[in-house]
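Remember, predicted model here, so these are calculated numbers, not experimental data. To find a chain, count down the sequence lines: A is the first, B the second, and so on, and within it residues start at 1.
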Amino acid sequence: MFTIYKKELKSYFLSPIGYIAVGLFLAVYSTFFFLTTIQFGAVDLGNLYYATARYGLLLIVPILTMRMFAEERKNGTEQLLLTSPRSITAIVLGKFLAAVTVVLITLVISLIYFVIISFFGKANIVTVLVTMLGFLLLGMAAISFGMFASSITENQIIAAIITIAFLVIPWFLPDINTAFSRINLMDMFMKFTYGLISIKDLVSLLSFTGMCTLVTILFMKRRKTVK
Amino acid sequence: MIEVKNVTKKYGSVTAVDNISFEVKDGEVVGFLGPNGAGKSTTMNMITGFIEPTEGQIIINGKDISKKERKAKKEIGYMPENVPLYYELTVKEFVTYMAELKFVKRQARKEEVAKVLKETGLEDVQKKLIRNLSRGYKQRVSLAGALVGNPAVIILDEPTVGLDPKQITEIRALIKELGKKHTVILSTHILSEVSQICEKVVIINKGKIIAVDTPENLEKKTKEANGISVTVEDPKNNMKNLKNNIPEIESIEMVKDNKDGTKQFMITSNAEVDLRKKLFEVLPKQDITIFELKKTESTLEDAFIKLIDTKKEEKK
């Protein structure tokens with residue numbers, strides 16, 4: 001698993017994809033920082049992360065996940081991976097963790113804003129760290145779904161569109177159907193931004209991630225027999 | 001040793017490979033021969049565990065590829081068709097990655113990678129990005145990826161497609177060299193390749209095996225008549241009456257009337273007799289001057305076309 005993780009992470013930063021993802025995240029984050037903190041003097045880092053999650057993840061998750069399996073399938077390098085003595089589980093987890101690491105890197109960089117705020121006043125480090133934990137969990141959930149989307153097609157654009165749709169539809173959810181509004185990932189993230197770790201939300205996000213990862217593994221295994 | 005037992009692969013209602021069985025012994029170089037779309041790649045993908053057979057069993061050195069996947073895959077080095085590679089990596093990075101994937105131990109990795117790069121002649125380009133390499137080099141990188149980790153079995157899917165003649169000769173020499181230490185299966189639709197490199201040929205057509213033999217035997221088996229091609233100067237037109245002097249001759253046919261006064265004939269006889277000696281004795285006595293005399297060999301090409309055609313007729 002570590003071998004694949006290492007190679008995938010390297011590939012992110014050998015191509016522009018890794019830099020674009022990090023750059024986009026920071027661009028979105030900085031925009032909200034400017035709009036709220038600088039223009040209105042409002043200091044609510046939790047809220048900043050919430051807004052970034054809503055718009056930023058929409059941009060960076062598809063970029064990170066669309067290539068995962070679709071590109072390998074299209075280029076045929078999938079054959080190299082799947083005929084190596086590595087298990088499908090190790091391959092899927094390696095790729096998943098590499099994408100999560102890119103999100104983690106951007107989160108660490110975003111600590112700059114905490115430092116800036118601390119310079120002018122007292123910011124609560126615990127709240128920020130809890131928010132980041134929530135952001136990471138939310139990112140993992142979104143990435144696992146994107147990974148699944150990438151595993152079902154050899155077209156990266158289709159994989160990206162499925163992922164974007166998945167992230168956008170919840171925006172309109174309460175209007176469309178109230179029954180489904182309970183499974184909105186963004187709502188699960190909400191409490192983290194107040195500095196609260198809700199076990200319910202934590203478990204929900206983790207189990208969603210686990211489910212998508214498992215479905216990806218099963219799907220890749222099944223493909224061997226039907227392909 | 002590779003055992004393929006009653007393997008069938010179906011894609012929906014289409015049967016790509018239909019109940020095939022064969023064995024490859026240790027150290028053999030086996031050519032998998034067939035027209036495009038015969039099921040060569042499907043079979044290779046099944047042997048390497050990339051796809052699962054619908055029915056049947058594939059055993060690599062005693063390990064079933066479906067049941068003991070990991071152990072069986074460790075025995076195999078695979079170079080897929082169309083040479084898939086990670087273009088963003090350098091040659092060395094790629095080969096190292098393949099070594100890591102195949103569980104080559106950390107201490108031995110550097111040495112193993114250097115050895116394989118040397119074997120495949122990639123030392124000079126090892127720091128180059130794969131993206132920037134020519135087709136021939138990409139092919140070698142792919143081959144290096146298959147060789148790294150010293151697998152017992154090496155499977156090459158159309159290893160010489162898209163190469164220039166010089167590169168083809170080089171790759172063939174390399175494969176021959178590999179055959180000394182490894183079991184090699186290669187697929188191709190180029191027949192001369194098989195007669196040059198392989199000790200055994202498996203001919204496959206429309207998902208079925210139609211022959212398994214050595215290239216020489218196949219050539220012999222499919223040969224029905226002995227043909228001799230002669231070019232002669234025959235001012236008195238005596239060639240027509242040659243049958244009277246040599247009764248073993250079955251037929252004489254003029255192939256070509258050259259403008260310089262010579263004519264080319266094709267003489268056939270039963271497979272058992274060699275007419276060459278008699279022709280040398282008889283023709284001068286008939287005032288015929290021999291310019292050229294040559295036994296025609298039936299090639300693997302003939303064998304191949306014949307085998308495929310006979311199977312078609314059987315069906316009818």
Side-chain angles (χ1 to χ4, degrees), chain A residues 1-21 63-64 66-95 97-98 102 151 154 156 217-227, chain B residues 9-12 16 41-42 44-55 63 65-66 68-90 93-94 96-104 106 109 129-131 141-142 145-146 148-149 151 155 157:
Chain A
M1 187 179 81
F2 187 66
T3 304
I4 292 146
Y5 167 77
K6 225 170 57 185
K7 142 83 176 52
E8 286 297 313
L9 194 59
K10 200 158 102 184
S11 285
Y12 275 129
F13 291 102
L14 281 176
S15 64
I17 290 169
Y19 300 99
I20 289 175
I63 292 174
L64 290 177
M66 65 182 195
R67 48 179 288 285
M68 279 183 168
F69 292 100
E71 191 188 36
E72 299 241 20
R73 194 182 299 175
K74 188 142 204 171
N75 293 345
T77 46
E78 181 187 50
Q79 261 173 308
L80 299 176
L81 265 187
L82 297 183
T83 57
S84 77
R86 298 282 173 174
S87 67
I88 287 176
T89 311
I91 295 168
V92 171
L93 288 182
K95 282 175 174 278
L97 289 179
V102 178
S151 76
E154 63 167 39
Q156 294 192 42
I217 293 170
L218 292 177
F219 194 82
M220 291 296 288
K221 281 193 177 158
R222 193 183 129 69
R223 250 173 60 75
K224 247 180 84 164
T225 52
V226 291
K227 173 176 56 195
Chain B
K9 177 74 193 176
K10 284 181 186 156
Y11 295 108
S41 292
T42 308
M44 297 207 142
N45 279 334
M46 284 192 288
I47 296 174
T48 53
F50 181 57
I51 54 179
E52 205 131 303
T54 319
E55 271 164 53
K63 291 141 204 156
I65 190 85
S66 312
K68 289 188 176 166
E69 210 177 331
R70 208 163 165 179
K71 280 190 178 158
K73 281 179 178 173
K74 269 191 184 177
E75 306 273 332
I76 302 175
Y78 181 33
M79 172 178 164
E81 206 182 1
N82 305 326
V83 288
L85 297 165
Y86 294 102
Y87 286 180
E88 73 270 21
L89 300 182
T90 66
E93 279 170 341
F94 174 79
T96 309
Y97 179 50
M98 292 310 287
E100 285 173 11
L101 280 182
K102 292 180 185 178
F103 296 104
V104 176
R106 186 183 288 270
R109 210 179 288 150
L129 281 182
I130 293 175
R131 184 190 306 280
V141 175
S142 185
V148 80
I155 298 182
D157 200 348

Could you tell me which portion of B/M79 (side chain, backbone, both or neither) has an atom closer than 4.5 angstrom to a non-hydrogen atom of chain A? neither
Looking at B/K71, I'd like to know if its NZ atom is crowded, meaning that more than 12 non-hydrogen atoms belonging to other residues, nucleotides or ligands lie closer than 6.0 Å. no
To the nearest 0.5 Å, what is the distance between CE (B/M44) and OG1 (A/T83)? 12.5 Å
Is B/E100 salt-bridged to A/K7, cutoff N-O under 4.0 Å? no
Heavy-atom side-chain contact between B/N45 and A/Q79 under 4.5 Å: yes
Does any heavy atom of chain B fall under 4.5 Å from the side chain of A/S15, the backbone, both, or neither of them? neither
Heavy-atom closest contact (B/F50 atom, A/K224 atom, distance): O-CG, 3.3 Å
With only heavy atoms counted, which part of A/E72 is less than 4.5 Å from chain B, the side chain, the backbone, both or neither? side chain
Should A/I4 and B/L101 be marked as a side chain to side chain contact (heavy atoms under 4.5 Å, CB included) after you check the CA-CA gap, both sets of side-chain angles, and the distance that decides it? CA-CA 8 Å; A/I4 292 146; B/L101 280 182; 3.8 Å; yes
Considering residues at least two apart in sequence or located in another chain, which fulfil the ring pair (Phe, Tyr, Trp, His ring centres under 6.0 Å) criterion with B/Y86? B/Y97
Between the CG atom in A/N75 and the CG atom in B/N82, the distance rounded to the nearest 0.5 Å is 11.0 Å
Honestly, the part of B/E75 sitting under 4.5 Å from a heavy atom of chain A is neither
B/L89 side chain near A/L14 side chain, heavy-atom distance below 4.5 Å: yes
CE/B/M98 to OG/A/S84 distance, rounded to the nearest 0.5 angstrom? 7.0 Å
Please state whether the side chain, the backbone, both or neither of B/E88 comes within less than 4.5 Å of a heavy atom of chain A. both
Measure the shortest side-chain to side-chain distance between A/P85 and B/K102 over non-hydrogen atoms and say whether it is less than 4.5 angstrom. yes
